[in-house]
Amino acid sequence: MPELPEVETSRRGIDPHICGRTITRSIVRQSRLRWPVSAQITALLPGQTVLSTRRRGKYILIETTAGHIIIHLGMSGSVRILPIGMAPAKHDHVDIEFGHGQMLRYTDPRRFGCILWSGDAIDEHPLLASLGPEPLADEFDTDYLFRRSRGRRVPVKSFIMDSHVVVGVGNIYANEALFMAGIRPLAEAGSVSRARMARLVACIRQVIAHAITVGGTTLRDFVGSDGKPGYFKQSLLVYGRGGEACKQCGGTLQEVRLSGRSTVFCKRCQR
DNA sequence: AAATCTCCCTGTAGGC
DNA sequence: TGCCTACAGGGAGATT
C-alpha cells in the first residue's frame, strides 16, 4: 500500500508534468471512492491551471487557479501521467486531461482513496485541519511525543498510528519502529518513559526517512505499484514475520491483532 | 475526552 | 485445477 514515501514519490513524479498546465477535461468513470468524487472535479476544473503540488500526511494537494484537488491513494491507489487517449483499464477511475496531450490518471482497485475539492483555505479542510506534524518535521520531537502521550492509556502502537498525533506512520512502519525502539506495541502510551519516547521518535524518523530514499526506485516510472514494493520484503524486521525467528535474538516473533491491525513483536527484545 | 468498533472494497492466499 | 472463503488494510465516523 502507498505509505508516506510512495505518496511523496508520486507527488514528485507528477509535479513537473502538471504544474503550469491547463486542464481541458475531467473524466470520472467511477465516482464511488471512499467518498463520492467531488462534483467540482468535472464541473469546475476545465479551464483551470495547476499552480503547485504539495503533500500533507498521505494527502496529495494540487493547487489550481480555482482551488485545491485533494487526493488520497488509500491502500491500492496510484496516479500516473499518460498520453490522452490511452484506453482505461478496469480500475482506472478518473482522468484529468491537460492541453499538452497528457493526462493524470487515478487508479484504485479497492477504492479506499478519495478525490475531493476544496475551494477555500486548504489548511482548514476538515480532513487536514487537525492532522499532527509530519514525522520528519522539526516539531516532531521527544518533547512533543512525550507530552502528547501523557495520560493516554491507548496502546503505544495505536498512539503513533493516530494521524492526529503524527501523520504517515502506517501499520508496517509502526511495527518496525517499535521493534527498533525495543518497545512493546501493547504498552500504554502514557507509561512509556521519556527516554524510550526519544528512541521511538528517532526510530520513526529513521524508518520513514529510509523508506523515502528507497521509495523512489519502486515508483520511478509510475507504473502501478502492486502494493508490495521490493524494498519492503528484504528490510522488514518484524512485519509479516509472525511465528518466525527474531533477527535480533532468535526467539519466536509473536503476532496479535490490535484494533484490527496485524501486530508483530518480540517478547524478549521489546519491553 | 478517550477508546473501541464499523465500514468501505477487491486482489490474493489458503483450504479443500 | 478450480472454486470458495477469509483476510488485509487507511482512516473517518459512529458508538461506547
Side-chain angles (χ1 to χ4, degrees), chain A residues 1-8 10-11 28-38 55-61 70-79 88-94 106-116 118 124-135 145 147-177 185-192 204 208 211 215 223-229 232-233 236 238-244 255-264:
Chain A
M1 65 303 303
E3 296 274 358
L4 188 149
E6 286 85 346
V7 176
E8 174 61 17
S10 296
R11 186 198 66 77
V28 178
R29 295 183 200 83
Q30 169 61 275
S31 63
R32 291 178 54 220
L33 303 183
R34 176 71 167 81
W35 296 283
V37 174
S38 294
R55 179 189 57 75
R56 183 73 178 94
K58 293 180 183 172
Y59 293 95
I60 295 173
L61 310 176
I70 302 173
I71 298 178
H72 197 290
L73 301 178
M75 41 175 306
S76 60
S78 64
V79 285
K90 189 176 178 183
H91 301 295
D92 295 340
H93 304 315
V94 177
Y106 177 89
T107 306
D108 186 3
R110 296 185 192 176
R111 290 157 43 197
F112 275 20
C114 66
I115 300 184
L116 300 173
S118 171
E124 292 166 27
H125 190 280
L127 290 175
L128 308 177
S130 59
L131 289 180
E134 296 284 330
L145 200 63
R147 178 169 47 77
R148 286 293 304 267
S149 65
R150 292 309 93 176
R152 297 292 304 272
R153 307 199 60 176
V154 69
V156 64
K157 174 164 179 268
S158 305
F159 177 69
I160 61 173
M161 288 180 68
D162 183 346
S163 63
H164 299 102
V165 173
V166 56
V167 298
V169 181
N171 194 39
I172 295 174
Y173 295 150
N175 278 296
E176 296 298 305
L186 281 84
E188 275 185 19
S191 72
V192 177
I204 289 172
I208 297 269
V223 295
S225 162
D226 61 1
K228 288 278 185 186
F232 277 153
K233 285 287 184 189
L236 287 178
V238 290
Y239 181 80
R241 301 191 62 243
E244 297 179 29
E255 177 155 11
V256 298
R257 293 197 70 75
L258 179 51
S259 39
R261 299 294 180 265
S262 172
T263 303
V264 186

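Quick note on labels: first sequence line is chain A, next is B, and so on, each numbered from 1.
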Original post:
Quick one: is A:Arg257 getting a side-chain N or O under 4.0 Å of the C:dC7 phosphate, OP1 or OP2?
Top reply: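 Answer no for this pair, as no side-chain N or O of A:Arg257 is under 4.0 Å from OP1 or OP2.
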
Original post:
Would you say A:Arg153 reaches B:dA2's phosphate, i.e. side-chain N/O to OP1/OP2 under 4.0 Å?
Top reply: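 For B:dA2, neither OP1 nor OP2 has a side-chain N or O of A:Arg153 closer than 4.0 Å.
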
Subject >> Base-contact (B) and sugar-phosphate-only (S) positions in nucleotides 11-16 of chain C, heavy-atom cut-off under 4.0 Å, - elsewhere >> reply: BB----

**OP:** Could you tell me whether a side-chain N or O of A:Asn171 sits under 3.5 Å from a main-chain N or O of A:Arg261, the two making a donor and an acceptor?
**Re:**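 Checking the backbone N and O of A:Arg261 against the side chain of A:Asn171, no donor-acceptor pair under 3.5 Å is found.
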
Subject >> Main-chain N/O of A:Arg32 paired to A:Arg111 side chain as donor or acceptor, under 3.5 Å >> reply: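 Flag set: sc A:Arg111 to bb A:Arg32 pair under 3.5 Å.
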
**OP:** To the nearest 0.5 angstrom, please state how far the CD atom of A:Glu6 sits from the CZ atom of A:Arg11.
**Re:**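 Going from the CD atom of A:Glu6 to the CZ atom of A:Arg11 covers 14.5 Å.
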
Subject >> Between NE2 on residue A:His91 and NE2 on residue A:His93, distance to nearest 0.5 Å >> reply: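 The NE2 atom of A:His91 sits 6.5 Å away from the NE2 atom of A:His93.
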
Subject >> Residue A:Met75, side-chain atoms from C-beta onward, closest of B:dA2, C:dG10, B:dT10 >> reply: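 Output: C:dG10.
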
Value in whole Å for how far the [atom2] atom of [N] lies from [atom1] of [X]:
| X | N | atom1 | atom2 | result |
| --- | --- | --- | --- | --- |
| A:Asp108 | B:dC9 | CG | P | 11 Å |
| A:Arg110 | B:dT10 | CZ | P | 10 Å |
| A:Leu73 | B:dC9 | CG | P | 18 Å |
| A:Ile60 | C:dG10 | CD1 | C1' | 15 Å |
| A:Arg148 | B:dA1 | CZ | P | 13 Å |
| A:Leu258 | C:dG10 | CG | P | 13 Å |
| A:Asn171 | C:dC7 | CG | C1' | 14 Å |
| A:Asn175 | C:dA8 | CG | C1' | 13 Å |

**OP:** Under the side chain to side chain donor-acceptor pair (under 3.5 Å) rule, collect the residues that match up with A:Gln30, sequence neighbours excluded.
**Re:**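 If we apply the side chain to side chain donor-acceptor pair (under 3.5 Å) test to A:Gln30, skipping adjacent residues, there are no hits.
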
Original post:
Which class fits the ring pair A:Tyr59 and A:His72: parallel under 30°, tilted 30 to 60°, perpendicular over 60°?
Top reply: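 Taking A:His72 first and then A:Tyr59, their aromatic rings stand perpendicular (interplane angle over 60°).
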
Original post:
Relative to the 5' end of DNA chain B, which residue comes earlier, A:His91 or A:Leu33, by the nucleotide with the nearest heavy atom?
Top reply: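 Closer to the 5' end of DNA chain B: A:Leu33.
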
**OP:** Give A:Ser262 one of three labels, base, sugar-phosphate or nothing, depending on what nucleic acid heavy atoms sit under 4.0 Å from its own.
**Re:**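 It contacts sugar-phosphate atoms only.
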
Original post:
If you measure from the Lys or Arg side-chain nitrogens to the Asp or Glu carboxylate oxygens, is any gap between A:Glu255 and A:Arg241 under 4.0 Å?
Top reply: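 Here A:Glu255 does not pair with A:Arg241 in a salt bridge, since their nearest N and O are not under 4.0 Å apart.
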
